[in-house]
Protein chains: 2
Amino acid sequence: MKTLKELSDELKRNNIRLTHQRLKVLEYLSNSKTHPTVEEIYSALKKEVPSLSKTTIYNTLNYLSELNLIKALTIDENEAHFDADTHTHGHFKCSACGKIYDFDINIDSFDTEHLNNFEINEKIVYFKGICPRCLSNINIE
Amino acid sequence: MKTLKELSDELKRNNIRLTHQRLKVLEYLSNSKTHPTVEEIYSALKKEVPSLSKTTIYNTLNYLSELNLIKALTIDENEAHFDADTHTHGHFKCSACGKIYDFDINIDSFDTEHLNNFEINEKIVYFKGICPRCLSNINIE
DNA sequence: TTTCCTCTTTGTAATGGTTACAAGTTATTA
DNA sequence: TAATAACTTGTAACCATTACAAAGAGGAAA
Ligand SMILES: [Mn+2]
Ligand SMILES: [Mn+2]
Ligand SMILES: [Zn+2]
Ligand SMILES: [Zn+2]
């Protein structure tokens, strides 16, 4: 998890203006552990910043993604989720409740000799299934 | 790679009608090594089956995905790609040319002790970067 | 064959996440 | 302060996908 200060320092380093809106998005995302969507970020911040536009959320998130300061997850088919944690880690999506969990994984332990001549820039691992909470709910019913 | 016969046998086994349209989609997908999109399948088959509707492609692909006879790939942010090969393997997407490559990977060698209480149904591995072909093109320029 | 019934295909309309764009606003520099 | 560049906002457009209803195809029973 990256702190807000680290994120804003990185923005300064890249000569990106630290606007009120961007700080709010960064703050929300770095305090969040649920990999929120644009819609979730928008409706949460709209209360504090009523003038906020959804386009600004998109702009900010796309910008930060390009700079590799955050990660966009495509584990959900129809909506992007965002992650302030850029350390390589796996994501588990529960098919029942939709929640996205983090898990540690040593991706570099992969044997990738087949890709010797490829330049690998990003390694993504998604697991899908049922989370413990939903498993126990099923058992109760 | 699954043969057309294997696929149609599996359809019969599941009491799914083997229509002309479905056979064409299956045939195209099982002969394909490029992980085609709906649009690609549609424009290719439209020549042979002029009455073909894009909705039928969607219906067929969604149906086969539910039955786990094919896999939908979400490695591309804005369009689904499809794969008749349901054996667990990794996918590499070239950021330059967009081509999606297969690679072998022993996914079960992962240490997933963090997910002991999770029911894991699907393991997905996506790599992104630059393919050898595009790497050599860059060097030429 | 004829009728009945169910499943399938097709075209069109709707949905929804995302992006393009232009106008207005804010920050920076001189 | 004026000039310039960057940023935000709202709206419209985009586009992959899904919903829906009507038409079509095919199997089973009689
Ligand atoms: Mn994460
Ligand atoms: Mn494949
Ligand atoms: Zn769950
Ligand atoms: Zn390439």
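Chain letters run A, B, ... following the sequence lines, proteins first and then strands; every chain starts at 1. The structure presented is a predicted model; accordingly, all values stated were derived computationally and were not measured.
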Original post:
What nucleic acid atoms does T37(B) come within less than 4.0 Å of, heavy atoms only: base, sugar-phosphate, or nothing?
Top reply: nothing
**OP:** Find out whether F127(B) and I75(B) are in side-chain contact, i.e. whether some heavy atom of one side chain is under 4.5 Å from a heavy atom of the other.
**Re:** no
Original post:
Is there a side-chain contact between K123(A) and K128(B), using heavy atoms and a 4.5 Å cut-off?
Top reply: no
Original post:
Touch check for T19(B), heavy atoms < 4.0 angstrom, all strands: base, sugar-phosphate only, or nothing?
Top reply: sugar-phosphate
Original post:
Is there side-chain contact between R133(B) and K99(B), with at least one heavy-atom pair below 4.5 Å?
Top reply: no
Original post:
Are the side chains of D102(A) and D83(A) in touch, meaning some heavy atoms are under 4.5 Å apart?
Top reply: yes
Subject >> Opening and closing nucleotides of DNA chain C in contact with chain A, under 4.0 Å to non-hydrogen atoms >> reply: dG17(C) to dT28(C)
Might you list the N or O atoms of the protein lying below 3.5 Å from N or O atoms in nucleotides 17-26 of chain D, with each pair's distance?
from: dT17(D); atom 1: OP1; to: A80(B); atom 2: N; distance (Å): 3.0
from: dT17(D); atom 1: OP2; to: Y58(B); atom 2: OH; distance (Å): 2.8
from: dT18(D); atom 1: OP2; to: N62(B); atom 2: ND2; distance (Å): 3.2

**OP:** Return the value, rounded to whole Å, for the distance between atom CZ of R22(A) and atom C1' of dC7(D).
**Re:** 6 Å
Original post:
Can you check the Q21(A) CD to dG10(D) P distance for me, whole Å?
Top reply: 11 Å
Subject >> Whole-Å gap separating C1' (dT9(D)) and OH (Y42(A)) >> reply: 10 Å
Original post:
Do the rings of F118(B) and Y101(A) sit parallel, tilted or perpendicular, given the 30° and 60° boundaries?
Top reply: perpendicular
**OP:** Check whether any side-chain heavy atom of T86(B) lies under 4.5 Å from a side-chain heavy atom of L69(B), and answer yes or no.
**Re:** no
Original post:
Under a 4.5 Å side-chain heavy-atom rule over Ile, Leu, Val, Met, Phe, Trp and Tyr, are V38(B) and L45(B) clustered together?
Top reply: yes
Original post:
Counting only N and O atoms by type, is there a donor-acceptor contact under 3.5 Å from the side chain of H35(A) to the main-chain atoms of I100(A)?
Top reply: yes
Subject >> Spacing of I57(B) atom CD1 relative to dA16(D) atom P, expressed in whole Å >> reply: 15 Å
